[in-house]
Amino acid sequence: MTGPKIAIWDFDGTLGHRRHGTWAECLLEVLDIQQPGHGWAFPEMFEALATGFPWHAAQDPHPHLNDPDAWWDHITAVVTGALTRLGTAHPQAAAAATRAAYTDRTAWSLYPRALRVLDQLTTHGWQHVLLSNHVPELPAILAALGIDNRFRAVINSAASGYEKPHPQAFRLAQEAAGPAQRLVMIGDNPQADAAGARHAGIDAIWVRRNQHTDTPDLDAAAGILLTPIPISNRRHPALHEVPPLEPTAPGALPIR
């Protein structure tokens with residue numbers, strides 16, 4: 001098949017991350033400001049937020065939430081309910097502050113090798129598509145990190161209405177890629193990224209992270225992409241598992 005080689009990338013946990021953690025950590029940051037000494041900790045906050053977000057029901061499309069304010073109204077209601085069940089004081093005030101805290105551009109970072117790996121692959125003929133379950137402000141976050149111009153397309157679930165691993169999310173990525181001689185998904189989630197891609201007929205590289213402080217080995221993922229695949233091995237979607245970088249490995253930085 002002619003056409004470009006296309007890498008479909010996940011964002012959060014693969015190319016970049018919110019340095020202090022995601023939703024549970026963000027809510028704890030808000031409570032630290034609004035209610036010093038509140039006494040809540042990560043385990044109970046994580047458990048309280050384990051349902052209600054769009055990706056928790058990825059089988060259900062949500063085009064009615066494609067407007068950013070509608071999306072955040074839904075999330076605010078989910079967070080308010082979670083904090084109410086926990087018994088926190090003033091749950092609505094904390095939930096209302098979540099949007100500004102979570103989307104603060106300064107809270108987000110790229111992993112150390114992200115840009116260099118993308119650019120290395122580009123010099124070898126690869127093009128890039130981003131497929132992410134994320135917040136409506138993802139394009140602004142990408143721009144603030146200086147990575148937005150590396151992608152030929154960005155498919156964001158908050159705008160498309162489809163969360164990975166919904167088949168339509170991957171169909172949208174395939175449409176954005178166009179006819180391609182090779183198509184590979186790279187992500188840190190074994191279900192949303194790896195399994196979802198393979199169910200859609202797309203090869204997958206699972207850049208495993210055993211805990212949220214792990215750094216994905218993007219150089220190893222690039223090495224797989226740069227290895228030619230024999231024609232006889234292209235009949236079924238492949239799965240490559242890449243372990244995280246060791247903390248002392250060159251280029252590995254702690255997530256702060």
Side-chain angles (χ1 to χ4, degrees), residues 1-17 55 58 110-111 113-134 138-139 141-143 145-209 216-242:
M1 179 183 291
T2 59
K5 297 172 289 186
I6 304 291
I8 304 173
W9 295 89
D10 171 55
F11 175 65
D12 194 358
T14 300
L15 293 172
H17 60 108
W55 43 85
L110 298 176
Y111 286 114
R113 295 283 298 173
L115 289 177
R116 280 176 285 184
V117 163
L118 291 176
D119 292 344
Q120 175 195 18
L121 290 168
T122 299
T123 64
H124 285 84
W126 284 84
Q127 297 180 25
H128 309 287
V129 169
L130 193 73
L131 178 62
S132 181
N133 295 348
H134 219 279
L138 176 61
I141 293 170
L142 298 175
L145 295 174
I147 197 174
D148 57 320
N149 61 358
R150 265 67 173 191
F151 303 107
R152 62 183 286 168
V154 172
I155 299 103
N156 179 12
S157 63
S160 72
Y162 295 95
E163 306 286 332
K164 295 175 295 182
H166 195 288
Q168 183 61 16
F170 289 95
R171 281 194 286 269
L172 292 172
Q174 289 171 309
E175 291 173 4
Q181 60 174 291
R182 192 174 173 196
L183 191 63
V184 184
M185 175 79 207
I186 308 98
D188 71 307
N189 189 299
Q191 296 303 319
D193 297 321
R198 296 181 74 214
H199 287 156
I202 301 170
D203 289 347
I205 299 175
W206 174 27
V207 284
R208 197 181 77 232
R209 295 192 308 140
D217 191 344
L218 299 179
D219 285 303
I224 294 169
L225 293 175
L226 295 175
T227 301
I229 296 179
I231 297 295
S232 60
N233 290 344
R234 295 182 183 176
R235 295 181 180 178
H236 304 289
L239 173 63
H240 302 274
E241 181 179 343
V242 174

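Along the sequence shown, residues carry numbers from 1. Fair warning: this is a prediction, and the values are worked out from it, not measured in the lab.
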With rounding to the nearest 0.5 Å, note down the distance linking CG in L131 to CD in E163.
10.0 Å

Using the side chain to side chain contact (heavy atoms under 4.5 Å, CB included) rule, pick out the option among V129, L130, I8, L138 that qualifies with I155.
V129

Just by modelled atom types, is the L118 backbone N or O under 3.5 Å from a matching donor or acceptor in the H128 side chain?
yes

Please check: side-chain N/O of S132 versus main-chain N/O of N156, any donor-acceptor pairing under 3.5 Å?
no

Quick one, D10 with M185, criterion side-chain contact (heavy atoms from CB on, under 4.5 Å). Give me CA distance, side-chain angles, the key distance, then yes/no.
CA-CA 8 Å; D10 171 55; M185 175 79 207; 3.9 Å; yes

Closer than 3.5 angstrom, by distance alone: can the side chain of R209 be matched with the main-chain N or O of G13 as a donor-acceptor pair?
yes

Any donor-acceptor pair under 3.5 Å from D203 side chain to V184 backbone
no

Side chains of R171 and Q174: do they bring a donor and an acceptor to under 3.5 Å?
no

Do any N or O atoms from the side chain of W126 and from the backbone of I6 form a donor-acceptor pair under 3.5 angstrom?
no

Please determine which of N189, T14, L15 meets the side chain to side chain contact (heavy atoms under 4.5 Å, CB included) test together with V207.
T14

Return yes if some donor-acceptor pair links the side-chain N/O of Q181 with the main-chain N/O of K5 below 3.5 Å, else return no.
no

Between the main-chain N or O of G196 and the side-chain N or O of K164, is there a donor-acceptor pair closer than 3.5 Å?
no

Please test I147 against W9 for side-chain contact (heavy atoms from CB on, under 4.5 Å), starting from the C-alpha separation and ending with a verdict.
CA-CA 12 Å; I147 197 174; W9 295 89; over 6 Å; no

If we ignore hydrogens and angles and just use 3.5 Å, is the side chain of R182 paired with the main-chain N or O of L225 as donor and acceptor?
yes

Which atom of A192 lies closest to which atom of F170, heavy atoms considered:
O-CZ, 3.3 Å

